[in-house]
There are 2 protein chains.
Amino acid sequence: MDTRSLAVFISVADTLSFSRSSEQLHMSVSAVSRTIQRLEEELGQALLVRDNRSVRLTGAGQEFREYARRSVAEWQQMRRQLGTDKELAGEVSLYCSVTATYSVLAPILEAFRTTHPAVEIMMHTGDQADGISRVLSGQDDIAVSGRPLRLPQRLEFLPLLESPLCLWMPAADCAVRQLALSARVDSPEFDWSTLPFIVPERGITKDILDAWLRDSGIRPRVYAQVAGHEAIVAMVGLGLGVGIAPELVVRASGLGASVQPMTVADSLPPLAIGLASLRRRLQNPLVKSLWDVAGQTYRAPV
Amino acid sequence: MDTRSLAVFISVADTLSFSRSSEQLHMSVSAVSRTIQRLEEELGQALLVRDNRSVRLTGAGQEFREYARRSVAEWQQMRRQLGTDKELAGEVSLYCSVTATYSVLAPILEAFRTTHPAVEIMMHTGDQADGISRVLSGQDDIAVSGRPLRLPQRLEFLPLLESPLCLWMPAADCAVRQLALSARVDSPEFDWSTLPFIVPERGITKDILDAWLRDSGIRPRVYAQVAGHEAIVAMVGLGLGVGIAPELVVRASGLGASVQPMTVADSLPPLAIGLASLRRRLQNPLVKSLWDVAGQTYRAPV
DNA sequence: TCAGGCCTTGCGTAAAACGCTATATGAGAG
DNA sequence: CTCTCATATAGCGTTTTACGCAAGGCCTGA
């Protein structure tokens, strides 16, 4: 018996519906079904009567529901008690891009510092594209990252904000800018093959860009593959080509004057930026507390 | 969190030793170690202080120990309550050989019938050799079987009694008997290659016999491979050869007069007979109750 | 009678747990 | 002082468990 099973049962007992519970619990209907089956097998008693149309509690189910509520409550109380018993202290390791450090993270860390002064943040910065893999490999507890197109089950993602994803061209007059302006970029006839592209080497934005290019039928001329949005923006600013980056990065980079957004026919989807962490690591109260503070910091204003 | 982890922690907190607990809990030391680590990670608190020589509880550990005891107790009480609330009813499926039906099972079922009259036994009989695989494949809840030489982790085995494993020869005068008596069977010079052997087709006794033959350096002349001890005894009784069977089967077969045990130099190891079931299935109280009754039935007299 | 909602089941895959073995560290014997 | 023994942890491959998807069965209401 584990608390997870109890939570599933409580949910089903409340909603009296496997399908509604499955949504509530973010799991498939079959997983809910089997969890209840396991419980019933372990107890040797039917807890729920399902007659293909409705679900209702058996006598045993009602008793067990009381128990389950109590048990989960006691468990959570114990967790809190042990947590508050001793002030949370320790290390949380964080991975993010340079830009994210002050644009996304600053308000979170400011709030966190006041609520958990004894927790040390070990921050690693680098290409945002590596965040997910660093979390998956256990190198860092939490990463600031865009939402992956397909996120592994063991990964939890907490969306914090969105930033439009744009194509950028140099603001200063130069050959690339001339090319980019030579025709209506958003017209189907635009000849992309002459325009040098600066694309991300890897990571979420690369995936999004690839998908977008494919869908739009564009075969770009790749001038450079670069690690890190900041470097892309810098290269665009220098007139080396056009490139992709979230608006947030451009604004934060201080290079906002040297690049300009291009308007294109099929606009790129906005990038969902947030925290990523292994479910497993989130069981650690230290990690969880930073996670929660981040969620509150960005949810409260909205 | 699950009750298993709590039980592990309670044990370690009691013994103050990972290794002693690992024996007590029938699991490896590393599994114990990791279970504690998982708990500590989930709670974000050290529960035990290990200094490579001794183990002692932290403050949080002492608190948590109280909680763990309470929680496990409440869980077990709930199980019992639901169990007694409604009388146990349902089906338990059982596999055994014909002989086992009345020699091993009869006293168990007699006791079980009186304590759990509402539980129906669905019994399947057949070659004892198939019991383990039928349990492993989920066809039956419990099988009466000899203890396998190597038992899979997911299988639980409850030894009930032992029966000497013997070689048997025909009691009536016949060619085979002459051969078997022609020389001291237990002398190293005995020529096994002339003596027709009736061996089990598969199963535990086949494994034991194979190992014994190999160790004794005997290369038998196999006359027939037969499914089921009963058939082996019958064939031996008809003078077709010598064969292996537990004494129990011979006594129960009613053919005790038509076969005689052979004394051999390296005696065969006695066969441990008992119940086999998947750990998983034993979580079902119905199955568990039959299991327990069997254990008591055979332990009480001893 | 058909469509649609609802739970269960089979199957392939992903995650978790375990055991074995190696490693590190300290205690006690020679 | 070294060697051995005992104890907990870490790496690695394997087993076991849990999950999601898709198919299936069953009932209800149109």
Side-chain angles (χ1 to χ4, degrees), chain A residues 1-9 11-13 15-42 46-57 61 135-138 150-156 278-283, chain B residues 1-9 11-13 15-42 46-57 61 135-138 150-156 278-283:
Chain A
M1 189 280 298
D2 62 323
T3 43
R4 176 87 187 142
S5 305
L6 295 185
V8 171
F9 172 73
S11 167
V12 176
T15 65
L16 291 179
S17 156
F18 283 56
S19 39
R20 271 199 296 282
S21 284
S22 86
E23 293 171 22
Q24 201 176 84
L25 299 163
H26 304 296
M27 51 198 288
S28 71
V29 185
S30 66
V32 175
S33 174
R34 269 192 258 262
T35 302
I36 300 294
Q37 284 175 31
R38 276 195 297 273
L39 265 179
E40 292 181 326
E41 186 180 5
E42 201 171 351
L47 297 173
L48 299 167
V49 182
R50 304 76 128 172
D51 59 357
N52 268 327
R53 198 67 200 144
S54 67
V55 174
R56 61 181 201 279
L57 287 164
V135 164
L136 285 175
S137 70
R150 266 188 51 79
L151 53 91
Q153 290 168 19
R154 56 180 171 150
L155 202 69
E156 191 85 26
L278 290 174
R279 284 178 204 280
R280 174 171 202 91
R281 294 299 299 157
L282 279 175
Q283 292 189 341
Chain B
M1 188 279 298
D2 62 322
T3 43
R4 176 90 188 140
S5 305
L6 294 185
V8 170
F9 172 73
S11 167
V12 176
T15 65
L16 290 179
S17 155
F18 282 56
S19 40
R20 270 198 296 282
S21 283
S22 85
E23 292 171 23
Q24 201 175 85
L25 300 162
H26 305 297
M27 52 199 288
S28 72
V29 186
S30 64
V32 174
S33 174
R34 270 192 259 262
T35 303
I36 301 293
Q37 285 175 31
R38 277 195 297 272
L39 264 180
E40 291 180 327
E41 186 180 3
E42 201 171 352
L47 297 174
L48 299 168
V49 183
R50 304 77 127 171
D51 58 358
N52 270 328
R53 196 65 200 147
S54 67
V55 174
R56 61 181 200 281
L57 287 165
V135 164
L136 285 176
S137 70
R150 268 188 50 79
L151 53 91
Q153 290 167 21
R154 56 182 170 149
L155 203 69
E156 191 86 25
L278 290 174
R279 284 178 204 280
R280 175 172 201 89
R281 295 297 301 155
L282 279 175
Q283 293 188 339

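In the text below, chain A, chain B and the rest are named by the order of the sequence lines, each starting its count at 1.
- Distance B/D2 CG to C/dC18 C1': 14 Å, rounded to the nearest Å.
- Look at A/E40 and A/R50 and you find a salt bridge, because one of the NZ, NE, NH1 or NH2 atoms lies within 4.0 Å of a carboxylate O, short of that distance.
- Using a 4.0 Å heavy-atom distance criterion, A/S54 is classed as making no nucleic acid contact.
- Distances shown here put a side-chain N or O of A/S19 below 4.0 Å from the OP1 or OP2 atom of C/dC7.
- The nearest whole Å value for the distance from the CZ atom in B/R50 to the P atom in C/dA24 is 19 Å.
- The base of C/dG10 lies close enough to the side chain of A/R34 for a donor and an acceptor atom to sit less than 3.5 Å apart.
- Rounded to the nearest 0.5 Å, atoms CE (B/M1) and CG (A/D2) are 8.0 Å apart.
- Look at CD on B/E23: it is 12 Å from C1' on D/dA6, rounded to the nearest Å.
- Between C/dT9, D/dC19, D/dT15, one nucleotide has an atom nearer to the side chain of B/Q153 than all others, and that is D/dT15.
- The side chain of B/V55 lies closest to D/dA8 when the candidates are D/dC19, C/dA17, D/dA8.
- With rounding to whole Å, B/F18 atom CZ is found 17 Å from C/dT25 atom P.
- Remark: P of D/dC19 and CD of A/Q37 are 12 Å apart, rounded to the nearest angstrom.
- Residue contacts for B/S28: at a heavy-atom cut-off of 4.0 Å it reaches a base atom on one of the strands shown.
- The distance from atom CD of A/E40 to atom C1' of C/dC7 is 12 Å, rounded to the nearest whole Å.
- For the pair B/M27 CE and D/dT14 P, the interatomic distance rounds to 21 Å; values are reported in whole Å.
- Of the listed residues (A/S22, A/S21, A/S17), just one forms a side chain to side chain donor-acceptor pair (under 3.5 Å) with A/S19, and that residue is A/S17.
- The distance from atom CZ of B/R279 to atom P of D/dT16 is 10 Å, rounded to the nearest whole Å.
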